[in-house]
Each structure stands twice: as structure tokens, then as C-alpha cells.
Amino acid sequence: MTFMDSLAAGLALVLQWQSFACLAGGVAIGVFAGAIPGMSATMAVALTLPFTFAMQPIFGILLLLGVYKGGIFGGSIPAILIRTPGTPASSATALDGYPMAEKGEAGRALGMALYASCIADFISNLSLILIAGWLASFALNFGPPEFFTLIVFSLTIIAGVSGDSLLKGGVSAILGLLLATIGLDLVYGTNRFIFGSTDLMGGLNFIAVLIGLFALPEIFSFIHRPKELDGSVRRLGNDHITFADLRHSFKSIIRGSFIGVFLGSIPGIGAAPSAFLSYAEARRNSPNKANFGQGEIEGVAASEAGNNGVAGSTLIPLLALGVPGDVITAIIIGAFMVHGLQPGPMMFTTNTDIIYAIFMGLVMSSLILLVVGGVAIRGFRYIADVPRSILFPGVLVLCVFGVYAVNNAIFDVAVMFVMGALGYAMALFKLPPAPFVIAFILGPLLENNFRQAMLMSQGSLDILARGPITWFFWALTALAIALIVKGALHPGEEVEQEVIASKSAK
Amino acid sequence: MRVNAFIISLGAAALAASSALAQDYPSQPIQLVIPYGAGGATDLSARALSNALTPILDRPLVLANRTGAGGATGSAAVANADGDGYTMLAARVGSHTVNPAMKETLPYTLDDFRFVGVYEINPVVCAVRAGSEIDSMEALVQQVQENPGTVSFSSSGVGSMLHLAGAMVLDAFGVENPLENATHIPMGGGGEAATAVLQGTATFVCTNSSALASFVSNDQLQPIMVTTPEPLEGFDAPTAASLGHPELEQLVGWTGIAGPADLSDEAAEAWGEWLEQATQNEEFLAYMKKIGSQVDLMSPEESVEFVNAQYETFRKLVDDLDMRVE
Amino acid sequence: MLSRRIEIGIGVVTAVLALLILFVAIPFGIVTPKNVRSLVLSPTFWPTILGIALFLIGASLAVRAYFGFGRAAVKEFPSFDRASLLRLAAFIGVIVFYYILIAPLGMVWASMLAFAAILYVTRAGERLTGLICAIALPLLLYAFFFHVAGVPIPQGELVRLP
């Protein structure tokens, strides 16, 4: 088959009403599921999978891809409205999105999240189509040593989200790293910090920690001062994003998209680090750095771009190598196999029509996300208008159901409550939660890749600088640390800016 | 008013549900715990089984993924559950023979479960990277013996079947101290373990054929041995028996249904019948074939015998190689 | 930056926590197998590094605050009067009972009680709307999670929902 033939065959497959219906239905399911804390994109994809068995392969795959993309965006809705990240990746969005909602700008934040998501998704899909082969062979060079250096570099973003005190950010990050070590040891399988509890053997549930740390402290501070907060009713979330907003954040969206594309193409990283990296980079390059964390729209744009930028490129290892980049793509591989398709290099010669149909379906999915997401925002936005005295107990109940649903464990609800109390204490003493979350996500990756590298080299540290990729990340890390030290030695400007910003906010 | 009506109707429904308790098993939804994550081999298999069971059962079968600690968290939850038959487990080779054989501190033993049937067998395949100089078991063993420390194998974690399989295969082929002379590299999951071989982090991996099928058909990985008695379709590699090691046929993956040890006879019998019917289901059979596993329903007695035999084999290996995890 | 006293307190507490981790939690909470090949592979290697780093950061927080470095912007610590402390204590009580009641009552009924209790603790204005939400939300969530998403939401022994 020539290129034009396959293109035509692909078009014929994708230009049917069923493929539009599947994509739109999938995106809608995904957005809805993503918007419910605890219902992650992974769960939504797993639940949809059995329905695809009876469908034609291309429709089934498009449905799953729709759910995946919708789910990643959907997570930003509760992150902005009730500071409850629907998916781990949207916790970066909560950093600035929730303060915006507090100021009555929920509509603007949600609009920005949607546009940033769609643009990033589109860029990610284009990258998949144009440079999949190249990125895939590059990603295959990532063994444990390369991973380790990448994670070390990613940890430097903690400095960017530490707020006014680097040391406190450090405390928060190390607490996160320590809690991530609970469970069974990777190399020897022995118990770590379990103290006889079967429930702790599997480690702390990720979503429970996240929701506890972000959503519950808000409830605690509401209980602390219900009258004051209830008095300042959050205005109707009835404002919109403007073109000026979009232009202002455009650079961050593009940067975030490419960070997402790059990290997404490497199997095993996932969307959350990408969102945080994009956020930290946007903050570092922004003229109003001090406003980040207080409700800066560019922060929302950057995190959403970083997290949706991953959505297309995780398919790069899947389609080009047959390697699942994360849990979701592992499930999607299952869908391919059920239909007798084996993703990988051979598929580009044996099933070209399906490949092209998927490509075109993906490009359409960005547009569909824009439409479906717009409708969803319109519906969910009014949550911002619910009086807090009803909203907060509602959020508590919602979180309990959602956290239970993740792993069917009541114990996770307890984890969430304890983390909520810890999060409230941290908030009182101005220990920022973001470094904790980043560390909790990256901690296991850092330790595991380090130890895998040590196993490979029989304990020699030389392996951590075994090739150009590792050198590159060591250099980046050195650069980032140099910038942090420089910032720490001349803190004057930033603090002044912050005082001005906090004054003008009042 | 409407709210009231709603509550009343709910109350009525609740009454209806509680009066149904008087009926025989099952009178309420049955929870099937899957001790591994969504999208994994156990999950896909259990979901396919539940699709086949749904038309047979007059109560819903609710699937609950309860992941953690290599299957131990979910298994322990079922071991401690009520034996009324409303909490069942999709037991797997990793959680029920490898883990009990290796882990001292595991919160359950095989005796804490009553098996109602093993329904699925997964052939195990050992594979290396395509184009690797090591292209057969013989070459692999030679490499381990001549250059100790240069060969490594990946797994989905300590106490996973992949971990034990790598050691068992090397041991069977006469490598002394396989865990000293070859390095075990635990990865995060089964997919990552295969990828680790593809990109050169590990030399070989022994895992379920389904996890390797697409890599093999894409010529990215090369199978060097299968543990089935007959050659395996799609895997151009000799069987363990033809290499002179029929004892490796013990090394297979499986999935079965089990309840807590005090599972009622009524529930056990019901499940036996359901499994009998479900494993006749055409769609189920076709699906299982596609994902590369063999449907082979064993009676409760056969299941227990099979599981115990595998456990004993693994246990002996763990003792011989000092693989016990405290 | 909070007041100097609190900052010193944070530093000292962090440092003490680090010492507890290093000298109590790690030796008693981590099982080290006898056949560890090298120090860097030991299960205690990484937690020990973290413990040391936590101690250093805590100590430097305390020292910095003691000598009064970097006291550029002082943010005030929220005030706790008697009433708000009572409310927080009551809320913690609600959470604890909520958790305890999930198993015997079922998640739906426990959620209704918890919702209503929080409305009471905060003296919410819209009583009727609040109560309706307290009853409707858990039922809706149950309907969604059990019937749509297929999650076995725990039910108590008393009244089971369909």
C-alpha cells in the first residue's frame, strides 16, 4: 500500500459517524469521571474497556482514547473548584486554580484550563504523528541511570514551589519522600515502617494522600472560622477567559506542551511530574513570579498544558514500540490485543489504515475536548456558587466515597483523614504542600531507579554518568541549583514583590 | 414531599432486600476481590470471567481491585473476610504460591483459603532481546557460568512469579547460586520488566506469554524457551522438556477463584457450577485465547492439589537458594 | 515567616522528629536482610539519608530564626479563640466517628450523619437545604459509585440499599 492509499483507507475508517460518537462519548465519560475525585482516568478507562470488545477495533480504541483525554482534563475541574485534585496530575492546577476560584474567578480559571489542555493536547498529537519514531528510539535509551538523573533534575522544581522559605519547602519535601518509603522494600521485599499493619504493606495510597493534603485543610480552616469565610460568598463563577489572558500565557502553554511531549514519550514518568515541571518553569520565567500560588492564571495554564501535553505522546512508546508508558496505556494495549492487533513497529506495515485512522481521530479529539469540556465547565462552574457551609461537608463526603473507590479500602479513608490533619498543621505553620506532593510522587522513582542502577553496576556509582543523557541532566541540575542559590543569596527583590502583591490583593 | 416519597420508596426497597436474605445463596451482590491493579493480567482475566458469569448469576458480581504488596493486601482482606461467600478472591500464582513460599511475614498462608477452582493457565516464556548474542538457553547458561555477574533478569518485584521463574530456570540448568551469579533487577510491573529487556537494562525475563506476545511478533524480543509440554503457537522456541528439563513444566501462571477458609459448602458448590458454565462460554473462550491463556477448569480437589504441588516446588527452591524474605 | 518563636519551634520540632526517625523508626521499623550486598542497596540507605537531611534542615531553620535572619515579612499566625478550638475538636470528633461508623452502619448512612453533624458544628444558615443535601448527596454518590462505576460501597448490617 502506498502512503496515499493508507491515508485514504484511514480516512474512510475514521470518517464515520460512529467514530465521532465514540470519541465524543469517550471524552464526555472521561471528563465526568475525571471530575469526580477518586475516579481517575485509569479507572474510567478500565471500566470502559469491556464495552469495546464488541465494537469494531477502531471505534473501541477511539472510545478509550477519548476517555483517557477527557479524564486528564476532567481532573482540573475539582482541583480548581474545591481544591480536590481529581487526578494526581491536576494537583499542580490546584495551586493557582483554587485561589482564583476563591477570588470569584472560577470561570476564568476553568476556561484557561480547557484552552491550555486542548492546545497542549493538539501539540502532543501532532508530535506523535510527526516525530513518533524518532522520540521512541530516544526514549528507549532511558534505563534506570538516565531515569535517576532526570528525577534528580525534576526534584529541583521543589525550589520553585516552596513559597517564601526554601528551608520549609525542604522540610515539606523530605516529609513527602519519607512517607513514600512506607511499604515493601523494592530490592529485598522486606518491611519498611509497617509496624505490623497489613494495610501499610502496599504503601500509602497516592490519591488518599493527595486529597487529604489538598482538600481537607480547606475544610479544617472553614471549621476554624466558618462565619468569616461564609460571609465572603464566592461570587458567581460567571466570568470568562479573555483573549488577552490567552496571549499572556501563550508562551507557558507552548513550553508546557513540549515538556509534556518529552516526558510523555518516556515510559514510566506520567503526567504529574510534567505538570509540576511546566508550572515551575512558567514561574521561573514569569515577570510576576510572586503572584504564583496566589491565583496566577499563567500557573493554571502551565500546569494544564504540562499535564495534557503528555496525553498524545504516551502513545508514542505504545504505537512505535508496543511499550506501555503508564497504566492507562497498558489497558489500551489490552484493547488492541483483544482485536488481534499488536502495537509495535510491525503495526505500521500491517495495519497502516488503523494507525492513520487513530492519528486522525486523535487530532479530532482535541477539538472534541474543546466542545465537550466547554459544556462540562458550564455545568460544573456553578459548584463555585454553593454556600460553603454546604459545600464543605459535601466535599468531605465526596472525598470519602472517592478515596474508598480507588482501592476499595476503608483504611485509605483513614489515611486521607490523617493526611488532612497533617496538611492543616502544615498550612498553619506555612509549610507549603506542593513540595510534599512532588516529593511523594518522585520519591519512589528516585530511589527505585537509583537502586536498579546500582544492581546493574554491582554497586559502582560510575553508571550514573554512563552516557550523554545522564551528562545532560547532571548539567541541567547543576544549572538549576546555581539559579536557586543565586535566588537565595539575593532574596530582596522577591520578598518586596510579595509584600506589594499581598498588599494589593487586600 | 418528593424527598419523603423517595425515602419511603427507599425504605421499601431496603425491606425487600432484607427479606430476600432468607433465600439461598446468593441473596446479595458478590464481591470478587482482584488483588492486582486494573489492566493487569489478573484483572483482565477476572473481568472476562465476570462477563461470562453475569448471565448465570441472578445477583450482580462486583469486581473490586485491591492492590498492594504484590497481591498480599487484597488476599489478606479476603482471608480475613466472612465465609458467607459474598467475598471471593481472584487468586493468582504470585499471591498464592510464590509469595507464600518466599515471604516469612506474609499475613496469610495457603490454609487460609478454600479454592473453588483454578480456571486459567498461562504458559511461561523466557525471552532475550532480539539480536542479542545470547540466543538460546545454552548460550545464556554458558554466559552466566563463564562471566558471573554479567547476566541479569528483570521481574515485576520481589516475590513475583517473574522473580522466582528467573532463579528457577537458571537453577534447573545447573547454574550454581543463580542469585549470586546472575542479578535480579526488580521493576515496577510486568510491562516494565519486559521493557527492561527490550532496552538493555536486563538480559532476560521469564514471564507470561501474553506479556511478551506483541514484543515477540514485532521481532523486538526473542523467545528462548517455553515451559508448556507442547510448543507454543507464535513463540518459536524449544519447550523445557525438549531441553531436558520437564520439571520446569511446573512453572506456569494460573488464576483461580478462592474464598476464605471457612467458606460455606453451599457457596463453594454454587461457584463450582458457575465456573463450569462460564468456562463453556464461547465469547469467554475466544477472548482468553486472544490474550494468550489456556482455559482449563480444575475441580476444587484438583485445584488444591495443583496449587499445593506448585507451592511445594517453589518452597523447596526458595529453601535451596536461600531466597526467603524475612 | 511567622513570629520568631514559632519559627524556632518549627525548626526544633523538625530536628527532633528527624532524630526520632534516625534512632527509633529506622532501626525498629525497617527489616534489613542479612545478605545485603552493598551499603547503597540496603533498605535503610535512603531513609537514613532523608533523616539526616531533615535534621540538617530543621536545625538550620531553628538557627536562622534564633539569629533573626530573613525576617522580612511577618505573616500573622491565625488566632484560636475558645469557640473555634471547640469547633475544631468537635470536627475531629466527627471525623473519627465517621470513620468508625462506616463499617457497622455502611458508608451511606455514616455520611449522612457526618454531613448533618458538620452542619450543626458550623451553625450553618440554610438548615433545610443543608439537611436535604445531607440526605441526597450520599444516596446519589452511592447510586453512581455502585450502579454505574461498579464499586462495592460498604453497606452496614442494618439497612441495605438495593
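Each chain gets a letter, A, B and so on, in the order its sequence line appears, and its residues count up from 1. Just so it is clear, the values below take in all heavy atoms, side chains as well, and ignore hydrogens, waters and symmetry mates.
To the nearest 0.5 angstrom, C:Ile49 atom CD1 is 11.5 Å from A:Leu178 atom CG. C:Ile92 CD1 to A:Phe220 CZ: the interatomic distance, rounded to the nearest 0.5 Å, is 5.0 Å. To the nearest 0.5 angstrom, A:Asn191 atom CG is 11.0 Å from C:Thr32 atom OG1.
Neither the backbone nor the side chain of C:Ala114 comes within contact range of chain A; no heavy atoms are under 4.5 Å apart. For A:Leu186, no part lies near chain C; criterion is any non-hydrogen pair under 4.5 Å. C:Phe145 touches chain A through its side chain: at least one heavy atom from C-beta onward sits under 4.5 Å away, while N, CA, C and O do not. For a residue to count as touching a neighbouring chain, one of its non-hydrogen atoms must lie under 4.5 Å from one of that chain's; by this rule C:Ser42 touches chain A with the backbone only. No part of C:Leu140 comes within reach of chain A, as not one of its non-hydrogen atoms sits under 4.5 angstrom from that chain. Contacts of C:Ile26 with chain A are made by both backbone and side-chain atoms, with heavy-atom separations under 4.5 Å. When heavy atoms are compared at a cutoff of 4.5 Å, C:Leu137 approaches chain A solely by way of its side chain, counted from C-beta outward. Contact of C:Leu85 with chain A is not made at all, since no heavy-atom distance falls under 4.5 Å. At a 4.5 Å heavy-atom cutoff, A:Ile182 makes no contact with chain C through either its backbone or its side chain. Contact of A:Ile194 with chain C is made through the backbone alone, with heavy-atom distances under 4.5 Å. Within the 4.5 angstrom heavy-atom criterion, atoms from both the backbone and the side chain of C:Ser60 approach chain A.
For an aromatic pair to be called close, the ring centres must be under 6.0 Å apart, and C:Phe28 with A:Phe193 fails this. Close placement of the C:Phe80 and A:His224 rings is indicated, their centers lying within 6.0 Å of each other.
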Using the side chain to side chain contact (heavy atoms under 4.5 Å, CB included) rule, take C:Ile102 and A:Tyr404 through it: C-alpha gap first, then chi angles, then the decisive distance, then the call.
CA-CA 11 Å; C:Ile102 288 178; A:Tyr404 173 80; over 6 Å; no
Before you tell me yes or no, could you show the steps for A:Phe392 and C:Ile118 under side chain to side chain contact (heavy atoms under 4.5 Å, CB included), namely the whole-Å CA-CA distance, both residues' side-chain angles and the distance that decides it to 0.1 Å?
CA-CA 9 Å; A:Phe392 281 125; C:Ile118 293 173; over 6 Å; no
As a quick check of understanding, evaluate side chain to side chain contact (heavy atoms under 4.5 Å, CB included) for A:Lys168 and C:Ile57, giving each step before the final call.
CA-CA 8 Å; A:Lys168 285 188 176 176; C:Ile57 294 183; over 6 Å; no
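Comment: C:Glu7 does not engage A:Lys430 in a salt bridge, judged by the lack of any side-chain N to carboxylate O separation of less than 4.0 angstrom.
The main-chain N or O of A:Gly459 is never found under 3.5 Å from a side-chain atom of C:Ser38 such that the two would form a donor-acceptor pair. The main-chain N or O of A:Phe417 is never found under 3.5 Å from a side-chain atom of C:Tyr99 such that the two would form a donor-acceptor pair.
Ranked by non-hydrogen atom pairs under 4.5 Å with chain C, the options A:Val187, A:Asn408, A:Ile410 are led by A:Ile410.
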If you look only at distance, which donor and acceptor atoms sit under 3.5 Å apart when one is on a side chain in residues 170-177 of chain A and the other is two or more places apart or in another chain?
residue, atom, partner, partner atom, Å
A:Ser172, OG, A:Pro432, O, 2.6
A:Ser172, OG, A:Phe436, N, 3.3

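In terms of the salt bridge (Lys or Arg N to Asp or Glu O under 4.0 Å) criterion, residue partners of A:Asp185 (sequence neighbours excluded) are, by chain and number, A:Arg192, A:Arg451.
Side chains of C:Leu88 and A:Tyr424 form a contact here, defined as non-hydrogen atoms less than 4.5 Å apart. Considering only heavy atoms from C-beta on, A:Ile36 comes within 4.5 Å of C:Phe144 through its side chain.
Partner of A:Pro393 under the side chain to side chain contact (heavy atoms under 4.5 Å, CB included) criterion, out of C:Val121, C:Leu119, C:Thr122: C:Leu119 alone.
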